[in-house]
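Both backbone and side-chain heavy atoms feed into the values below; hydrogens, waters and symmetry mates do not. We name chains A, B, ... by the order of the sequence lines, and we start the count at 1 in each one.
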Amino acid sequence: MKKMKVAFFDFTCCEGCQLQVANMGESLLEVLDLIELVTFREVMSERSEQYDVAIVEGSITTSHDVERIKKIRETAKVLIAYGSCAAIGGINGMKNNFGLEEIREYVYKKDARFFDTIPTRAIHQVVKVDYAVNGCPVYVPEFVKVLKAALSGIPYRVPDYAVCVECKLNENECMYDKGITCFGPVTRAGCNSWCINNNNICYGCRGLVSNPALNGQKDILEKYAVPLPWIENKMNMYNKPRELGIDDPAKTELRKLES
Amino acid sequence: MKPEHGKESAYITQPGTIRNTRQMTRLEKYFEITLPRQRDLGHEPGQFVMVSVPGVGEAPISISSSPTKKGCFELVVRKVGAVSTALHALDSGDKVGIRGPFGKGFPTAILEGNDLLFIAGGLGIVPLRSLINFVIDNRKDFGKVTILLGCKTPQDMLFNEEVHQWWKRLDVSCSCTVDRSDPDWKGNVGLITGLIPGVSLDAERTFAVVVGPPIMYKFVILELLKKDIPERQILLSLERHMKCGVGKCGHCQIGEYYCCQDGPVFSYDRIRGKHEAL
Amino acid sequence: MDKFVTLNKQDLNDFIVKLSRSQPVMAPVARGCKSFVFESVDSAKAIALHYIPTILPPKKYFFPQRETLLTYNKTTPAWDPVLESRKMAIFGVHTCDLAGIQCLNMVMSASPQDNNYNARKEGITIIGLECNNYCDEYASCNVMDNHLPNGGYDLFFTELPDAFMVHVNSNAGERIVNDIGFFSAATPKHTQQLEEMRARKREIFKPEVKAGHKQLRGIFAGAFDSRQWDRIGERCVACGNCTNVCPTCYCFDVRDEINLDFNTGTRGRVWDSCQNEEFAQVAGGENFRKQRGQRQRHRYMRKFNYPVERFSRYFCTGCGRCSRACMAKINLKETIDALAEEKR
């Protein structure tokens with residue numbers, strides 16, 4: 001099989017997801033055998049404008065970003081939205097809780113007028129995305145799975161069920177049984193309940209399942225006496241751009257088939 | 001530790017070789033598959049096989065050829081998921097995994113000596129064709145044969161040449177209809193249910209064999225009941241999500257039935273009124 | 001005639017230690033604040049003798065959460081089936097979970113057999129443990145008729161004041177008694193203590209719902225159009241906890257995983273849940289159980305209606321795990337009561 005040229009790009013993000021790749025250890029070597037890495041600012045100085053697969057971290061938050069991602073889309077045969085910021089808007093989406101002017105002045109103070117800003121969007125809300133790797137940061141085994149799917153040209157489906165499913169299979173004690181609120185019940189699985197396995201709660205970084213049960217959730221919150229505004233705030237930490245209403249990353253493979 | 005009972009796995013998969021393919025429509029591709037030493041699959045009309053593409057997975061696919069066709073069997077695959085997408089990328093000479101055949105097909109022994117009314121909507125012609133060709137190859141064993149075919153547009157029609165052959169036969173009555181016509185279309189226009197009232201039949205000795213999308217069943221069954229065809233003589237083939245084919249994984253369950261083992265062919269009296277069946 | 005032996009309580013540790021030298025021993029141990037799990041032990045010190053049902057039932061040893069079904073090679077091409085089995089003893093299985101294993105045995109040995117399950121089952125010795133009291137308010141083992149031992153084990157331990165009364169129920173069980181040692185013949189005193197304990201149990205364990213064992217089937221068979229399903233559907237968040245913790249749920253998904261050589265790989269199965277959004281969705285997009293209420297109805301019907309038709313027994317063991325694990329506090333006993341009330 002001819003090696004695909006792979007390029008990493010980053011938009012508004014912390015670059016932590018790219019760091020996950022750098023931290024992969026031995027399996028990184030195996031992956032590097034399969035691809036030709038042509039651009040990856042975090043680990044190499046060479047760069048190329050020729051690539052087959054674009055792995056894009058970060059969300060779209062400026063008009064310049066919009067132009068740049070469109071160019072990447074034109075060049076790449078396959079575009080992978082990489083990490084929460086790219087896949088669902090992520091942390092940057094918190095900006096959408098405020099007026100643009102207000103937030104721009106808050107961040108840049110007197111220089112605000114020099115900085116262009118637009119509402120935060122996930123990559124698929126701007127250009128067509130072929131694959132999404134959710135997570136903040138990405139869960140490396142899932143990234144490897146997506147990469148294999150992308151290199152084989154087959155769709156990858158982000159599971160559309162709750163993190164609880166994987167958490168139960170791992171036989172973790174439920175956080176709610178410890179008196180702790182956890183976003184597992186509404187968050188899309190695929191991370192093998194990574195955080196809960198390590199005694200942390202689920203923060204909802206992978207985005208909501210496509211059909212979250214709002215009434216049911218409110219029931220739970222009432223039962224465990226968790227205030228709704230608090231939970232909304234927490235949930236918006238990663239999921240705010242969802243409100244822009246442009247469809248779901250899980251459906252990207254369907255679009256791929258249609259095209 | 002190796003088990004000592006010498007029992008076999010239910011997941012034994014044998015290699016099948018793709019001998020021929022044809023892109024039938026934008027979404028449907030035809031495959032002719034042979035097993036090692038050209039062994040027959042040994043299926044009944046209406047059964048399905050689990051087809052594997054290594055690295056991608058396995059999916060249930062209806063067998064489209066009649067068991068009277070020897071040395072190979074035929075499948076038609078619509079590109080809708082991962083496995084079917086991967087299958088579409090394959091060509092003559094490529095290998096796939098085959099497990100099965102599975103399920104209860106059309107009860108050919110019971111159908112013998114009776115009149116048959118075949119009704120296929122859309123992709124329904126794919127499994128139904130296995131029975132139609134079986135009946136045509138054993139034509140003297142059956143009574144009157146009527147075939148009604150429907151699909152969205154003339155471009156979606158599958159097996160055009162074969163359907164034309166059926167249409168030309170004197171011992172088969174065959175009509176086609178499309179929802180939306182084009183200037184070249186010479187058949188009927190309208191829903192398939194519209195063709196049923198015009199069929200003259202002896203309800204007592206007619207078996208209606210219906211395969212199509214879920215929405216079609218509801219309306220076709222109403223028309224067939226108006227014709228007084230007994231419920232047990234209305235046969236349907238149901239599509240469900242399947243993962244194992246051996247009645248365990250649960251995906252295909254319809255009430256107490258496992259579609260993969262108790263179906264996919266059911267007589268209407270067994271599923272009438274059953275929630276989630278139609 | 002039934003064979004009983006006894007094991008002094010102070011010998012339990014020596015028994016487990018010695019048993020664990022002959023084969024891995026799985027037993028209930030505490031996890032977190034108020035949960036228990038079956039896991040490997042090498043002494044009785046970690047074992048929670050008085051435990052409420054574990055997060056996952058012992059079915060995980062017969063039908064693991066994830067298991068390999070075959071390996072494949074793309075170029076050959078070849079698919080090589082894998083049947084795995086591991087010798088082990090599971091100690092401390094409650095009567096509800098013994099019933100769960102019996103249910104799964106029936107399913108997996110029904111033709112066509114699931115020999116991945118059967119191969120594992122062959123390697124497993126089951127040592128039951130009686131509940132002298134209710135574990136908690138979620139249990140409904142009496143109405144499901146699983147509060148007393150009803151077979152399905154090699155050895156069965158009942159705790160008496162100073163010893164365990166042990167019912168020897170198979171050759172494998174007898175071999176353990178003989179090979180591991182520490183057991184003595186049961187005395188009339190022990191027999192009497194066992195009878196007293198059982199008599200006490202009959203006082204404690206009463207039907208937990210407003211319907212009798214035999215009535216349950218009829219209640220559910222007539223409840224397809226009940227309003228309860230909409231109500232439950234409103235509350236359900238489809239997290240799948242109820243099915244993943246159920247001792248008689250056995251639905252699974254089959255997934256291929258290719259190795260990085262892009263040539264070899266494995267096909268495995270992973271527990272799946274009829275509560276998951278896409279469980280009954282066909283490739284074309286049609287979903288035959290789109291509503292959460294429909295999916296919950298399906299789950300209940302698979303416990304109280306469908307299996308009675310096929311296997312002549314309920315597939316609810318009364319262990320209470322589904323209610324305990326439910327995020328939305330959907331409670332099996334309340335559901336049964338509400339349906340029984342409606343029927344009246």
Please flag which part of A:Val144 lies under 4.5 Å from any non-hydrogen atom of chain C: side chain, backbone, both or neither.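 When you check distances to chain C, only side chain atoms of A:Val144 fall under 4.5 Å.
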So, the part of A:Asn199 with a heavy atom under 4.5 Å from chain C: the answer is neither
Run the salt bridge (charged side-chain N to carboxylate O under 4.0 Å, His left out) test on A:Glu171 and C:Arg31 for me, step by step, so that the C-alpha distance in whole Å, both residues' side-chain angles and the decisive distance to 0.1 Å come before the verdict. CA-CA 9 Å; A:Glu171 218 173 354; C:Arg31 170 166 298 174; 5.1 Å; no
Look only at the side chain of [X] and the backbone of [Y], and say whether a donor-acceptor pair between them is shorter than 3.5 Å.
X	Y	value
A:Glu173	C:Lys34	yes
C:Glu277	A:Tyr161	no
A:Lys168	C:Gly240	no

Does C:Asn276 reach the side chain of A:Val165, with side-chain heavy atoms less than 4.5 Å apart?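 Sidechains of A:Val165 and C:Asn276: in contact.
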Salt bridge or not between A:Arg157 and C:Glu278? Use side-chain N to carboxylate O under 4.0 Å. yes
Leading residue by heavy atom contact count with chain C [cutoff under 4.5 Å; candidates A:Ala162, A:Pro185, A:Gly184]: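 Of the options given, most contacts go to A:Pro185.
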I need the [X] [atom1] to [Y] [atom2] distance, nearest 0.5 Å.
X	Y	atom1	atom2	result
C:Arg255	A:Lys145	CZ	NZ	6.5 Å
C:Asp261	A:Glu30	CG	CD	8.5 Å
A:Leu29	C:Leu260	CG	CG	11.0 Å
A:Asp177	C:Ser35	CG	OG	5.0 Å
C:Asn241	A:Cys174	CG	SG	6.5 Å
C:Ile55	A:Leu169	CD1	CG	12.0 Å

May I ask you to name which of C:Ala238, C:Ala325, C:Gly32, C:Gly233 has the most heavy-atom pairs under 4.5 Å with chain A?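 Going by pairs under 4.5 Å, I would pick C:Gly32.
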Heavy-atom distance under 4.5 Å to chain A: side chain of [X], backbone, both or neither?
X	result
C:Val37	both
C:Glu257	side chain
C:Arg324	neither

Should we count NZ of C:Lys329 as having more than 12 external heavy atoms under 6.0 Å?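 Buried by this count: over 12 neighbours within 6.0 Å.
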Evaluate the side chain to side chain contact (heavy atoms under 4.5 Å, CB included) criterion for residues A:Val186 and C:Val237: first the C-alpha distance (whole Å), next the side-chain angles of each, then the deciding distance (0.1 Å), finally the verdict. CA-CA 8 Å; A:Val186 282; C:Val237 295; 5.8 Å; no
Which pairs pass ring pair (Phe, Tyr, Trp, His ring centres under 6.0 Å) with one or both residues in residues 182-218 of chain A, sequence neighbours excluded? A:Tyr139-A:Trp194
For residues 315-336 of chain C, pull every pair meeting ring pair (Phe, Tyr, Trp, His ring centres under 6.0 Å), keeping only residues two or more places apart or in separate chains. C:Phe311-C:Phe315
